[in-house]
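Here's the structure we're looking at; comments come further down.
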Amino acid sequence: MKKWKLALTVLADLLLTIFTIMAIIAFAQSYSLFPSPQMVTVFWQQFQQLFWSFFSIRDITVSLSQWHNAPLLSTMMEPYAYSLIILWGALAVSFLIAVTGAYICFLLPRPLQKMVKGIAFFLESIPDVIFIFSMQLFVIWVFKKTDLLMVNPVAGFDNVYVLPIVMISILPSILLFQMTFLAFTEEKDKPYVEYALAKGLSKTAVLWRHMFRNALITVFSNVQYLFWFMLSNLLVAEYLFNMHGLFRFLYEQLHTPEVVAIGLAMLFLPFYLIDVAGKRVIAYLTGIERGVA
(Lines give C-alpha, C1' and ligand atoms only; values in the text may rest on other atoms or scores of the structure.)
Protein backbone atom coordinates (compact mmCIF):
# COMPACT_ATOMS: atom_id res chain seq x y z
CA MET A 1 0.00 0.00 0.00
CA LYS A 2 2.88 2.33 0.84
CA LYS A 3 4.47 1.81 -2.58
CA TRP A 4 1.23 2.61 -4.38
CA LYS A 5 0.82 5.73 -2.26
CA LEU A 6 4.39 6.84 -3.08
CA ALA A 7 3.88 6.17 -6.80
CA LEU A 8 0.65 8.17 -6.85
CA THR A 9 2.33 11.03 -4.94
CA VAL A 10 5.25 11.14 -7.39
CA LEU A 11 2.88 11.04 -10.36
CA ALA A 12 0.73 13.80 -8.88
CA ASP A 13 3.79 15.99 -8.27
CA LEU A 14 5.03 15.46 -11.83
CA LEU A 15 1.65 16.27 -13.35
CA LEU A 16 1.24 19.32 -11.14
CA THR A 17 4.67 20.62 -12.18
CA ILE A 18 3.99 20.05 -15.88
CA PHE A 19 0.57 21.71 -15.59
CA THR A 20 2.20 24.66 -13.81
CA ILE A 21 4.75 25.04 -16.62
CA MET A 22 1.97 24.92 -19.21
CA ALA A 23 -0.15 27.42 -17.25
CA ILE A 24 2.73 29.92 -17.01
CA ILE A 25 3.47 29.67 -20.74
CA ALA A 26 -0.24 29.91 -21.64
CA PHE A 27 -0.60 32.96 -19.40
CA ALA A 28 2.41 34.60 -21.08
CA GLN A 29 0.77 34.01 -24.47
CA SER A 30 -2.55 35.56 -23.38
CA TYR A 31 -1.25 38.35 -21.12
CA SER A 32 -1.24 40.91 -23.96
CA LEU A 33 -5.06 40.75 -23.98
CA PHE A 34 -5.38 41.73 -20.30
CA PRO A 35 -7.89 42.83 -19.00
CA SER A 36 -10.10 41.75 -21.90
CA PRO A 37 -12.44 38.77 -21.26
CA GLN A 38 -10.93 37.24 -24.39
CA MET A 39 -7.78 36.62 -22.37
CA VAL A 40 -9.40 33.64 -20.58
CA THR A 41 -10.43 32.07 -23.90
CA VAL A 42 -6.95 32.47 -25.39
CA PHE A 43 -5.38 31.13 -22.19
CA TRP A 44 -7.55 28.00 -22.24
CA GLN A 45 -6.95 27.38 -25.94
CA GLN A 46 -3.18 27.76 -25.47
CA PHE A 47 -3.23 25.49 -22.40
CA GLN A 48 -5.07 22.76 -24.34
CA GLN A 49 -2.62 23.08 -27.24
CA LEU A 50 0.33 22.68 -24.87
CA PHE A 51 -1.32 19.71 -23.17
CA TRP A 52 -1.88 17.76 -26.40
CA SER A 53 1.61 18.61 -27.64
CA PHE A 54 3.05 16.15 -25.08
CA PHE A 55 1.10 13.34 -26.78
CA SER A 56 2.29 14.31 -30.26
CA ILE A 57 5.87 15.13 -29.39
CA ARG A 58 7.25 12.96 -32.22
CA ASP A 59 5.36 15.04 -34.79
CA ILE A 60 6.64 18.44 -33.60
CA THR A 61 9.31 20.10 -35.71
CA VAL A 62 11.53 23.10 -35.10
CA SER A 63 12.71 25.67 -37.59
CA LEU A 64 16.48 25.63 -38.05
CA SER A 65 16.43 28.06 -40.97
CA GLN A 66 14.03 29.64 -43.40
CA TRP A 67 14.09 26.52 -45.58
CA HIS A 68 14.79 23.71 -43.15
CA ASN A 69 12.71 22.10 -40.36
CA ALA A 70 13.83 19.19 -38.20
CA PRO A 71 12.18 16.85 -35.65
CA LEU A 72 12.13 18.33 -32.15
CA LEU A 73 13.52 15.34 -30.24
CA SER A 74 16.56 14.74 -32.45
CA THR A 75 17.35 18.48 -32.58
CA MET A 76 16.96 19.09 -28.85
CA MET A 77 18.88 16.05 -27.61
CA GLU A 78 22.37 17.53 -28.08
CA PRO A 79 21.81 20.83 -26.19
CA TYR A 80 19.68 18.96 -23.63
CA ALA A 81 22.45 16.43 -22.92
CA TYR A 82 25.04 19.23 -22.78
CA SER A 83 23.07 21.16 -20.17
CA LEU A 84 22.43 18.02 -18.12
CA ILE A 85 26.15 17.18 -18.08
CA ILE A 86 26.93 20.70 -16.82
CA LEU A 87 24.20 20.54 -14.16
CA TRP A 88 25.06 17.04 -12.93
CA GLY A 89 28.76 17.86 -12.92
CA ALA A 90 28.15 21.05 -10.94
CA LEU A 91 25.91 19.20 -8.47
CA ALA A 92 28.53 16.48 -7.93
CA VAL A 93 31.31 19.06 -7.44
CA SER A 94 29.11 21.06 -5.04
CA PHE A 95 28.33 17.98 -2.97
CA LEU A 96 31.99 16.89 -2.83
CA ILE A 97 33.28 20.34 -1.86
CA ALA A 98 30.51 20.97 0.67
CA VAL A 99 30.76 17.64 2.50
CA THR A 100 34.57 17.68 2.56
CA GLY A 101 34.63 21.32 3.72
CA ALA A 102 32.01 20.72 6.41
CA TYR A 103 33.91 17.67 7.67
CA ILE A 104 37.23 19.54 7.90
CA CYS A 105 35.60 22.62 9.42
CA PHE A 106 33.80 20.53 12.05
CA LEU A 107 37.13 19.12 13.27
CA LEU A 108 38.75 22.58 13.54
CA PRO A 109 38.95 24.58 16.79
CA ARG A 110 35.98 26.89 17.42
CA PRO A 111 37.83 30.17 16.50
CA LEU A 112 38.86 28.73 13.12
CA GLN A 113 35.31 27.50 12.57
CA LYS A 114 34.00 31.04 13.02
CA MET A 115 36.59 32.31 10.55
CA VAL A 116 35.65 29.72 7.91
CA LYS A 117 31.93 30.43 8.36
CA GLY A 118 32.64 34.17 8.01
CA ILE A 119 34.51 33.61 4.74
CA ALA A 120 31.65 31.42 3.46
CA PHE A 121 29.12 34.11 4.37
CA PHE A 122 31.17 36.73 2.50
CA LEU A 123 31.53 34.58 -0.62
CA GLU A 124 27.80 33.83 -0.58
CA SER A 125 27.05 37.56 -0.91
CA ILE A 126 29.03 37.86 -4.18
CA PRO A 127 26.82 37.54 -7.32
CA ASP A 128 27.55 34.56 -9.55
CA VAL A 129 28.10 36.90 -12.52
CA ILE A 130 31.12 38.37 -10.72
CA PHE A 131 32.57 34.89 -10.18
CA ILE A 132 32.15 33.99 -13.85
CA PHE A 133 33.66 37.23 -15.17
CA SER A 134 36.55 37.04 -12.70
CA MET A 135 37.43 33.47 -13.65
CA GLN A 136 37.20 34.22 -17.38
CA LEU A 137 39.47 37.25 -16.98
CA PHE A 138 41.91 35.22 -14.87
CA VAL A 139 42.15 32.47 -17.52
CA ILE A 140 42.69 35.07 -20.26
CA TRP A 141 45.29 36.91 -18.14
CA VAL A 142 47.25 33.66 -17.53
CA PHE A 143 47.09 32.88 -21.25
CA LYS A 144 48.44 36.33 -22.19
CA LYS A 145 51.28 36.06 -19.69
CA THR A 146 52.31 32.44 -20.21
CA ASP A 147 50.66 31.27 -23.48
CA LEU A 148 49.07 28.53 -21.35
CA LEU A 149 45.34 28.10 -21.90
CA MET A 150 44.24 26.20 -18.77
CA VAL A 151 40.62 25.83 -19.93
CA ASN A 152 38.52 27.33 -22.70
CA PRO A 153 36.95 30.51 -21.27
CA VAL A 154 34.25 30.74 -23.97
CA ALA A 155 32.48 28.10 -26.06
CA GLY A 156 32.88 28.25 -29.81
CA PHE A 157 32.68 25.34 -32.20
CA ASP A 158 33.53 23.02 -29.28
CA ASN A 159 31.61 22.68 -26.03
CA VAL A 160 33.30 23.81 -22.82
CA TYR A 161 32.79 21.89 -19.58
CA VAL A 162 35.36 22.58 -16.86
CA LEU A 163 34.89 26.31 -16.34
CA PRO A 164 31.05 26.32 -16.49
CA ILE A 165 30.87 23.41 -14.03
CA VAL A 166 33.25 25.14 -11.62
CA MET A 167 31.45 28.48 -11.90
CA ILE A 168 27.96 27.04 -11.48
CA SER A 169 29.05 24.98 -8.45
CA ILE A 170 30.64 27.79 -6.40
CA LEU A 171 27.58 29.32 -4.74
CA PRO A 172 25.71 25.99 -4.36
CA SER A 173 28.86 24.58 -2.71
CA ILE A 174 28.80 27.40 -0.17
CA LEU A 175 25.08 26.97 0.56
CA LEU A 176 25.39 23.19 0.84
CA PHE A 177 28.47 23.59 3.08
CA GLN A 178 26.49 25.80 5.46
CA MET A 179 23.56 23.36 5.51
CA THR A 180 25.83 20.36 6.13
CA PHE A 181 27.84 22.07 8.85
CA LEU A 182 24.63 23.20 10.58
CA ALA A 183 23.32 19.63 10.41
CA PHE A 184 26.58 18.34 11.96
CA THR A 185 26.28 20.94 14.72
CA GLU A 186 22.70 19.91 15.50
CA GLU A 187 23.59 16.21 15.53
CA LYS A 188 26.56 16.83 17.84
CA ASP A 189 24.31 17.67 20.81
CA LYS A 190 22.14 14.56 20.53
CA PRO A 191 22.38 11.81 23.20
CA TYR A 192 23.60 9.08 20.84
CA VAL A 193 26.74 11.13 20.07
CA GLU A 194 27.58 11.55 23.76
CA TYR A 195 26.97 7.83 24.30
CA ALA A 196 29.24 6.86 21.39
CA LEU A 197 32.02 9.15 22.61
CA ALA A 198 31.65 7.78 26.15
CA LYS A 199 32.17 4.26 24.78
CA GLY A 200 35.53 5.33 23.42
CA LEU A 201 34.77 6.00 19.75
CA SER A 202 36.80 8.81 18.21
CA LYS A 203 35.19 12.03 17.07
CA THR A 204 36.00 11.16 13.44
CA ALA A 205 34.41 7.71 13.72
CA VAL A 206 31.24 9.11 15.29
CA LEU A 207 31.07 11.79 12.61
CA TRP A 208 31.27 9.38 9.66
CA ARG A 209 29.41 6.37 11.05
CA HIS A 210 26.50 8.14 12.71
CA MET A 211 26.30 11.92 12.38
CA PHE A 212 27.00 12.06 8.64
CA ARG A 213 24.33 9.47 7.89
CA ASN A 214 21.68 11.44 9.78
CA ALA A 215 22.87 14.80 8.43
CA LEU A 216 22.21 13.53 4.90
CA ILE A 217 18.49 13.91 5.59
CA THR A 218 18.95 17.67 5.91
CA VAL A 219 21.19 17.80 2.84
CA PHE A 220 18.86 15.83 0.55
CA SER A 221 15.80 17.74 1.72
CA ASN A 222 17.36 20.83 0.10
CA VAL A 223 18.42 19.23 -3.20
CA GLN A 224 15.44 20.64 -5.10
CA TYR A 225 16.20 24.13 -3.81
CA LEU A 226 19.82 23.78 -4.98
CA PHE A 227 18.63 22.48 -8.34
CA TRP A 228 16.50 25.55 -9.04
CA PHE A 229 19.34 27.77 -7.84
CA MET A 230 21.76 26.05 -10.21
CA LEU A 231 19.29 26.41 -13.08
CA SER A 232 19.42 30.19 -12.73
CA ASN A 233 23.22 30.00 -12.68
CA LEU A 234 23.16 27.85 -15.82
CA LEU A 235 21.01 30.42 -17.60
CA VAL A 236 23.63 33.11 -16.84
CA ALA A 237 26.54 30.79 -17.70
CA GLU A 238 25.10 29.82 -21.09
CA TYR A 239 24.90 33.48 -22.04
CA LEU A 240 28.32 34.53 -20.71
CA PHE A 241 30.16 31.43 -21.99
CA ASN A 242 28.31 31.44 -25.33
CA MET A 243 27.24 27.85 -24.66
CA HIS A 244 24.93 26.01 -27.04
CA GLY A 245 22.84 24.50 -24.27
CA LEU A 246 19.17 23.91 -23.66
CA PHE A 247 18.33 27.44 -22.55
CA ARG A 248 19.85 28.91 -25.69
CA PHE A 249 17.92 26.39 -27.77
CA LEU A 250 14.65 27.31 -26.01
CA TYR A 251 15.38 31.01 -26.42
CA GLU A 252 15.73 30.50 -30.17
CA GLN A 253 12.36 28.67 -30.17
CA LEU A 254 10.37 31.16 -28.08
CA HIS A 255 7.97 31.56 -30.99
CA THR A 256 6.95 27.90 -30.46
CA PRO A 257 5.44 27.58 -26.93
CA GLU A 258 5.12 23.79 -27.26
CA VAL A 259 8.89 23.43 -27.59
CA VAL A 260 9.50 25.60 -24.52
CA ALA A 261 7.02 23.61 -22.41
CA ILE A 262 8.46 20.24 -23.45
CA GLY A 263 12.05 21.42 -22.92
CA LEU A 264 11.38 22.71 -19.41
CA ALA A 265 9.50 19.53 -18.47
CA MET A 266 12.37 17.37 -19.73
CA LEU A 267 14.84 19.44 -17.73
CA PHE A 268 12.84 19.02 -14.53
CA LEU A 269 12.04 15.30 -14.87
CA PRO A 270 15.46 13.63 -14.23
CA PHE A 271 16.28 15.84 -11.25
CA TYR A 272 12.91 15.18 -9.66
CA LEU A 273 13.23 11.41 -10.07
CA ILE A 274 16.77 11.40 -8.67
CA ASP A 275 15.59 13.55 -5.76
CA VAL A 276 12.80 11.05 -4.97
CA ALA A 277 15.16 8.06 -5.26
CA GLY A 278 17.81 9.78 -3.13
CA LYS A 279 15.38 10.54 -0.34
CA ARG A 280 14.16 6.94 -0.35
CA VAL A 281 17.71 5.60 -0.08
CA ILE A 282 18.61 8.01 2.71
CA ALA A 283 15.40 7.22 4.57
CA TYR A 284 16.27 3.52 4.37
CA LEU A 285 19.88 4.00 5.48
CA THR A 286 18.87 6.14 8.45
CA GLY A 287 16.28 3.61 9.59
CA ILE A 288 13.19 5.71 8.93
CA GLU A 289 11.79 3.13 6.48
CA ARG A 290 12.24 0.36 9.04
CA GLY A 291 10.83 2.43 11.90
CA VAL A 292 14.23 2.65 13.61
CA ALA A 293 15.01 5.77 15.62
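All of these numbers come straight from a predicted model, not from anything done at the bench.
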[X] [atom1] to [Y] [atom2] distance, which is reported to the nearest 0.5 Å:
X	Y	atom1	atom2	result
Leu264	Leu246	CG	CG	7.5 Å
Thr100	Phe95	OG1	CZ	9.0 Å
Leu250	Glu238	CG	CD	8.5 Å
Gln46	Met39	CD	CE	12.0 Å
Ile165	Ile170	CD1	CD1	12.5 Å
Leu235	Ile168	CG	CD1	10.0 Å

Taking [Y] as the starting point, is it possible to reach [X] by hopping between hydrophobic residues whose side chains are less than 4.5 Å apart?
X	Y	result
Leu267	Leu16	no
Trp52	Leu14	yes
Phe19	Val259	yes
Ile24	Leu231	no
Leu91	Leu96	no

Search all heavy atoms of [X] against all heavy atoms of [Y] and return the closest pair with its distance.
X	Y	answer
Ala120	Ile174	O-CG2, 3.3 Å
Pro79	His244	CB-O, 3.6 Å
Gly263	Met76	CA-SD, 4.0 Å
Ser83	Leu234	CB-CD2, 4.0 Å
Ala102	Thr180	CB-CG2, 3.7 Å
Ala98	Ser173	CB-O, 3.6 Å

Per the salt bridge (Lys or Arg N to Asp or Glu O under 4.0 Å) rule, what does the pair list look like for residues 249-264, sequence neighbours excluded?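 Residue pairs passing salt bridge (Lys or Arg N to Asp or Glu O under 4.0 Å), neighbours aside: Arg248-Glu252.
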
Can you pull out every salt bridge (Lys or Arg N to Asp or Glu O under 4.0 Å) where at least one residue sits in residues 95-117? Sequence neighbours excluded, please.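 Qualifying pairs: none.
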
Between [X] and [Y], is any pair of side-chain heavy atoms under 4.5 Å apart?
X	Y	answer
Ile97	Phe177	no
Gln178	Phe181	no
Thr256	Leu72	no

Polar side-chain atom of Ser94 near backbone of Pro172 as donor-acceptor pair, under 3.5 Å: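 Judged by distance alone, no pair lies under 3.5 Å.
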
So does Val166 get a backbone contact from the side chain of Ser169, meaning a donor-acceptor N/O pair under 3.5 Å?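 Confirmed, Ser169 side chain pairs with Val166 backbone.
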
Inspect the surroundings of OH in Tyr251 and state if more than 12 heavy atoms from other residues, nucleotides or ligands are less than 6.0 Å away.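 No, not enclosed.
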
Please check if atom CD in Gln48 has more than 12 non-hydrogen atoms from other residues, nucleotides or ligands closer than 6.0 Å.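 More than 12 heavy atoms, drawn from other residues, nucleotides or ligands, come within 6.0 Å of this atom.
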
Among Phe54, Phe268, Phe51, which one satisfies side chain to side chain contact (heavy atoms under 4.5 Å, CB included) with Ile18?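 Only match with Ile18 under side chain to side chain contact (heavy atoms under 4.5 Å, CB included): Phe54.
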
Tyr82 and Tyr161 aromatic ring geometry - parallel, tilted or perpendicular at 30°/60° bounds: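 Ring orientation of Tyr161 relative to Tyr82: perpendicular.
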
Which of parallel (below 30°), tilted (30 to 60°) and perpendicular (above 60°) describes Phe47 and Trp44?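 It falls in the parallel class, under 30°.
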
Candidate pair Tyr272 and Asp13, rule side-chain contact (heavy atoms from CB on, under 4.5 Å), full reasoning: CA-CA 9 Å; Tyr272 178 74; Asp13 286 343; 2.8 Å; yes

